[in-house]
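Report on the structure given below.
Chain identifiers are assigned alphabetically (A, B, ...) following the order of the sequence lines, protein sequences preceding nucleic acid strands; residue numbering begins at 1 within each chain.
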Amino acid sequence: MRRGLGAVLGARVVGVRVRRRDVLVVPGDPMGGWSRQGAERPRPRRYTGSMLLDGHELVETARRGKRMALIGRSADGERRAIEIGLGMTGWVRILPARAHTPDHAHVIWKLGDGRRIAFVDARRFGGVWAWDTEDDLRAHWEATLGPDALTVTGPTLRVRLARASRPVKAALLDQRVVAGVGNIYADEACFRAGILPQAIASELLSDRVARLAGSLRAILRDSIREGGSTLRDFRDAEGAPGGYQHGHLVYGRGGEPCSACGRALEQGTVAQRTSVWCASCQTG
DNA sequence: CTTATGACCTGATAGC
DNA sequence: TGCTATCAGGTCATAA
């Protein structure tokens, strides 16, 4: 999705419309984060268009784990950033001029060339963060997200799992440990590495952790090449579904024969999430 | 400090 | 056809 967003680089933002304020977090809002839940959430701060890159030229895209950003440069050279998290159903769509506005388009950036960028999210688990500067965003990522799973190395992952007394799948899903792994790819990576998702992370020997890191890199690389996994909602910036769901070896296949040994895949709950594994090919 | 749990939302689907 | 229950790709505050 980030790569698709590259198509707007060089364009100028000529207007921003926030149709649902509760997906938006601006500087000064509590937590700088996802504190939109709960009965007594503090009143959100006011925002201005320029906080959302109005009038800025779009100069760069960025990503770390599941977080994506658009960097804008103002007339006086200041670089601001908009961070986007997709949650489960969110997406960012580039709308051609005069295209119909999709349902649940909560924030819309109007571009000088007539196109629009829409943050769309039916379930609203995703959000949009406005950062005063690009540096603020980078610092936030550095503080809250582990190394990106697409490039994580065995030694790095080993250090980060060494102190985790929880199931390895729970650690993989923790974005501070490694950024970018969700429920699908956690199961796929454990399967390809021959590791049970419920194995205690700190007990894995280093060669197995190295294999897990390699599995993560390979799976994410392959999935990106296929445009991601579309179970139902996911689309890229142009609206096209991904194709990697056909490459899943375990996710969504509980009860089906294991692709490696033929034994029926087990399905259960690990780390409070539906999980699928092969009891023969994967060990603790 | 680390880990587990419930809550946050909407929409698709299955079963009656 | 229409109702209800269940489930889903994520992350947070709070409890333990």
task: Please test Ser74(A) against Asp76(A) for side chain to side chain donor-acceptor pair (under 3.5 Å), starting from the C-alpha separation and ending with a verdict.
output: CA-CA 5 Å; Ser74(A) 64; Asp76(A) 55 14; 2.4 Å; yes

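- Following rounding to the nearest Å, His106(A) (NE2) and dC9(B) (P) show an atom-to-atom distance of 12 Å.
- Whole-Å rounding puts the Arg166(A) CZ to dC1(B) C1' distance at 12 Å.
- Atom-to-atom, CE of Met1(A) to P of dG10(C) comes out at 13 Å; the value is rounded to the nearest Å.
- For Met88(A), whose side chain is taken as the heavy atoms from C-beta onward, the closest listed nucleotide among dG10(C), dA4(B), dC9(B) is dG10(C).
- Between Arg73(A) and Glu60(A) there is no salt bridge, since no side-chain nitrogen of the basic residue lies less than 4.0 Å from a carboxylate oxygen of the acidic one.
- In the set dT11(C), dA4(B), dT10(B), dT11(C) carries the atom at the smallest distance from any side-chain atom of Arg67(A).
- Within the 4.0 Å cut-off from OP1 or OP2 of dG11(B), at least one side-chain nitrogen or oxygen of His104(A) is found.
- Proximity of residues 170-206 of chain A to DNA chain B (heavy atom under 4.0 angstrom from any strand atom) is not detected for any residue.
- Between Cys278(A) and Val250(A) there is no side-chain heavy-atom pair separated by less than 4.5 Å.
- With Ser275(A) as reference, Lys169(A) is the one residue of Gln198(A), Lys169(A), Gln267(A) to meet the side chain to side chain donor-acceptor pair (under 3.5 Å) rule.
- Contact check on Asp29(A) versus Arg21(A) returns a salt bridge, with a Lys/Arg side-chain nitrogen under 4.0 Å from an Asp/Glu carboxylate oxygen.
- Taking atom P on both dC9(B) and dT14(C), the two are 15 Å apart, rounded to the nearest angstrom.
- If you take CZ of Arg160(A) and P of dT2(B), they are 11 Å apart, rounded to a whole angstrom.
- Gln175(A) places a side-chain N or O within 3.5 Å of a backbone atom of Gly180(A) that can act as its donor or acceptor partner.
- In this structure, Lys66(A) reaches the dT11(C) phosphate: one of its side-chain N or O atoms is under 4.0 Å from OP1 or OP2.
- Applying the ring pair (Phe, Tyr, Trp, His ring centres under 6.0 Å) rule to pairs touching residues 196-245 of chain A yields Tyr244(A)-His248(A), sequence neighbours excluded.
- A sub-4.0 Å separation between OP1 or OP2 of dT3(B) and a side-chain N or O of Ser165(A) is present.
- Between the C1' atom of dT10(B) and the CZ atom of Arg20(A) lies a distance of 11 Å, rounded to the nearest Å.
- Computed from coordinates, the Arg253(A) CZ to dG9(C) P distance equals 16 Å when rounded to whole Å.
- Taking 4.0 angstrom as the limit, Thr274(A) places none of its side-chain polar atoms (N or O) nearer than this to OP1 or OP2 of dC7(C).
- In terms of position along DNA chain B, the nucleotide closest to Arg163(A) lies nearer the 5' end than the nucleotide closest to the other residue of the pair Arg163(A) and Arg123(A).
- Taking atom CD of Gln267(A) as the reference point, atom P of dC7(C) lies 11 Å away to the nearest angstrom.
- Helical stems in DNA chain B, defined as runs of 3 or more consecutive Watson-Crick or G-U wobble pairs with both donor-acceptor distances under 3.5 Å, are listed by first residue as B:2-8 with C:10-16, B:10-16 with C:2-8.
- For residues 230-248 of chain A, proximity to DNA chain C is found at Leu231(A), Arg232(A), Asp233(A), Phe234(A), defined as any non-hydrogen atom under 4.0 angstrom from a strand atom.
- Shown here for Thr101(A) and Arg116(A), the closest heavy-atom pair between the two residues is OG1-NH1, 2.7 Å.
- Proximity of Arg79(A) to Thr133(A): side-chain heavy atoms (C-beta onward) are nowhere separated by under 4.5 Å.
- Among the atoms of the strands shown, only primed sugar atoms or phosphate atoms (P, OP1, OP2) are found under 4.0 Å from some heavy atom of Ala164(A).
- Stacking annotation: Phe125(A) is not stacked on the base of dT11(C) (requires ring centroids less than 5.5 angstrom apart and an interplanar angle below 30 degrees).
- Side-chain proximity of Arg273(A) to the nucleotides dG10(C), dA8(C), dA4(B) is greatest for dG10(C).
- The separation between Gln272(A) atom CD and dG10(C) atom P is 14 Å, rounded to whole Å.
- For Arg221(A), the CZ atom is densely surrounded, since the number of other residues' heavy atoms within 6.0 Å is greater than 12.
- Counting heavy atoms from C-beta on, the side chains of Leu249(A) and Arg253(A) never come closer than 4.5 Å.
- Hydrophobic clustering, defined by side-chain heavy atoms of Ile, Leu, Val, Met, Phe, Trp and Tyr closer than 4.5 Å, groups Leu196(A) together with Val270(A), Trp277(A).
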Identify every side-chain donor-acceptor pair in residues 199-211 of chain A under 3.5 Å, counting partners at least two apart or on other chains, and give the distances.
{"unit_1": "Ser202(A)", "atom_1": "OG", "unit_2": "Ala164(A)", "atom_2": "O", "d": "3.3"}
{"unit_1": "Arg208(A)", "atom_1": "NH1", "unit_2": "Gly284(A)", "atom_2": "O", "d": "3.2"}
{"unit_1": "Arg208(A)", "atom_1": "NH2", "unit_2": "Gly194(A)", "atom_2": "O", "d": "2.8"}
{"unit_1": "Arg208(A)", "atom_1": "NH2", "unit_2": "Thr283(A)", "atom_2": "O", "d": "3.3"}
{"unit_1": "Arg208(A)", "atom_1": "NH2", "unit_2": "Thr283(A)", "atom_2": "OG1", "d": "2.9"}
{"unit_1": "Arg211(A)", "atom_1": "NH1", "unit_2": "Ala193(A)", "atom_2": "O", "d": "3.3"}
{"unit_1": "Arg211(A)", "atom_1": "NH2", "unit_2": "Arg192(A)", "atom_2": "O", "d": "3.2"}

